[in-house]
Amino acid sequence: MDNNSIASTLKLTATLLELHDENVFKIKAIQSASNAVENATELLGQMNVEQLSALPYLGKSIVSKIVEINTTGTTAELTELLQITPAGVVEMLNIKGIGAKKVRTIWKELQVETIADLLAACDENKVAALKGFGEKTQDTIKQNILYAQSNAHFLLYAQAEVIAAELLTLIEKNSAVLQVAISGELKRKLEVIETIALVIATANQSEIAKMLANLDFLQEDIQSSGPFTWRGRLKPSNTYVEVHITSQDQFQSTVYLQTAAPAHLTSKLDNGKTVFQTLYNTEVKEELELFQKMQLPYIAPELREGLIEFELVKNNPNYQLLKTEDLRGVLHNHSKYSDGANTVEEMAMRCMELGYEYFGIADHSKSGNFYNGGMYEDKVVAQHKEIDELNKKLFPFKIFKGIEVDILADGALDYSDDVMATFDYVVASIHANLKMNIEKATARTIKAIEHPSTTILGHASGRLLLKREGFPLDYKKVIDACAANEVGIEINANPMRLDMDWRHVIYALEKGILISINPDAHSLAGLEDMKYGVNVGRKAGLSKEMTLNAMNGAQIQEYFLQRKARK
DNA sequence: GCCGTTTTCGGCCCGACTGTTTTCAGTCG
């Protein structure tokens, strides 16, 4: 059992105990234990009782729980708690904006036990009438349920990519399949996926239909399926699946037409016809021949959104989008100094293995100390000392002293200017006080951008894809402020963030702003997320030249020095 | 339920904000 699974089992236990009004200190103890497990570097599943007991926050009772989780996957206590709690009530615990106590009130006072009934209770104003609730809380509950329902069948790109690859492997085994490819949103590398689309070339349609019917994780929607298109849902996420069945000769054109966004397909070409009209039923061997027919230079799949691609390739037929291998270093990462799972040295060594020339550590600043272990000033000093030593040891590999500094509620940064000046570079991000109107959020962000120490604006909107909408921003004003202050913009490569959204990065690139692809890695594994940031950067037309961390070690060191001297 | 100790009990407890109150409980990061 991995640490995250143990931690989430403990966390669920704590939440359910809170729901059932148990002792608050017992609950807090389990929550602290859950946090400790989540942040532990060693694998708890491989430890014995003595080793577990030596860890902080793990006492006799919790150690026995962890042993139980390791052997059975759960605990008797959790099983019992789940038995006495309706499944719908457990689901309610995931609604943002209400916690266990409010869920308990809803359950006990209104006898509401399902999400559907809760929604109905909101519509009947019963929730607002509860003590401690009101109109706004009721609205929040309703909005959050509707938001979750509307997103229920979506997958993050990173999840869909894995499922689609497995699907592809299964399909390829069938002898009637001449060729198969991923198309649609996945091939365009959209940040969230509503439909997993594939194209199969075959001479035997009925065999393909038979094969799809036999895959037990797919549920066909007979109504919307036809002889050339199989439509259905993927179990259990309910994500749409579309399989387009075509001939070998029309395979390339079908993949193209099933990949590009409608706005791309309806764009007029120089021949007076649309892309769709030009390519429909076209028979070619190679994808490049399709571009010859359109009299266009090659357009990468990520760009086929009908936004910037035609202008881009017409003005510069040899335009090169950023590639993962263009990246020379990794900025914005966390270590054990705040909420990372690994030491600075472990993270740096992994970056060396991955072929990077430099590594920037950007742990959390002090205001987040309680929930993310953000660093008070003395820790900053200690970390800088350690980095100086590591830089001697690992030379010529370079570790930069960065910080992910919190943008406070009023837009100020989280350290005094003296402390701010000790960093090589600064990623400024908002983590708390997320409920803001567009005016406040924009003013707060711009104030941080104007701070002379700020180098990069971190995850601009604070969104968590499919979970939480970001706060609203006037992107034109924010991006203009970055341009005026020579502040770079992060594309946070964590698959749940991919923030700033690529649609706004298009304007940032127009303004000549450097983009930094940052994994926001909290562990060694997190360093592998860079590719997701590259995907969405490419959607915005990002090139190597416009990417901050495509600079080599010497160039970026010079860049940081110049930025600091500019103050 | 964990921790620390003047050690087997008593204390544990961030800060800002929201929305509900009319002084503060609940939620979040």
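So you know, we letter chains A, B, ... as the sequences are listed, proteins then strands, and number each from 1. As the structure is a computational prediction, the values presented were derived from the model and not from experiment.
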For [X], report the nucleic acid contact type (base, sugar-phosphate, nothing); a contact means any heavy atom under 4.0 Å.
X: A/G368; result: nothing
X: A/F25; result: base
X: A/L434; result: sugar-phosphate
X: A/K28; result: nothing

Whole-angstrom distance between [N] and [M], as gauged at atom [atom1]:
N: B/dG10; M: B/dT5; atom1: C1'; value: 10 Å
N: B/dC13; M: B/dC2; atom1: P; value: 16 Å
N: B/dT22; M: B/dC14; atom1: C1'; value: 25 Å

OP1 or OP2 of [N] versus the side-chain N and O atoms of [X]: is any pair under 4.0 Å?
X: A/R468; N: B/dG29; value: yes
X: A/K435; N: B/dC17; value: no
X: A/K131; N: B/dG19; value: no
X: A/S32; N: B/dG1; value: no

Please list, one pair per line, the donor and acceptor atoms closer than 3.5 Å that link side chains of residues 491-499 of chain A to other protein atoms, with sequence neighbours excluded.
unit_1	atom_1	unit_2	atom_2	d
A/N492	OD1	A/N494	N	3.1
A/N492	ND2	A/E490	OE2	2.9
A/N492	ND2	A/D520	OD2	3.0
A/N494	OD1	A/M496	N	2.9
A/D499	OD1	A/S461	N	3.1
A/D499	OD1	A/S461	OG	3.2
A/D499	OD2	A/S461	N	3.0
A/D499	OD2	A/S461	OG	3.1
A/D499	OD2	A/G462	N	2.9

*asked:* Please report the distance, rounded to the nearest Å, between NZ in A/K102 and C1' in B/dT20.
replied: 8 Å
*Could you tell me the separation between the CD atom of A/Q31 and the P atom of B/dC14, rounded to a whole number of Å?*
13 Å
*Pair partner, B/dG29 [Watson-Crick or wobble, under 3.5 Å]*: B/dC14
*Cation-pi check, A/K476 to A/Y507: give yes when NZ or CZ is under 6.0 Å from the six-membered ring centre and within 45° of the ring axis, no otherwise.*
no
Check: residues 426-433 of chain A side-chain donor-acceptor pairs under 3.5 Å, at least two apart:
unit_1	atom_1	unit_2	atom_2	d
A/S429	OG	A/E404	OE2	2.8
A/H431	ND1	A/D406	OD1	3.3
A/H431	NE2	A/E404	OE2	3.2
A/H431	NE2	A/H459	NE2	3.4

*asked:* One pair to check against side-chain contact (heavy atoms from CB on, under 4.5 Å): A/M47 and A/E42. What are the steps and the verdict?
replied: CA-CA 9 Å; A/M47 289 182 161; A/E42 301 79 18; 3.6 Å; yes
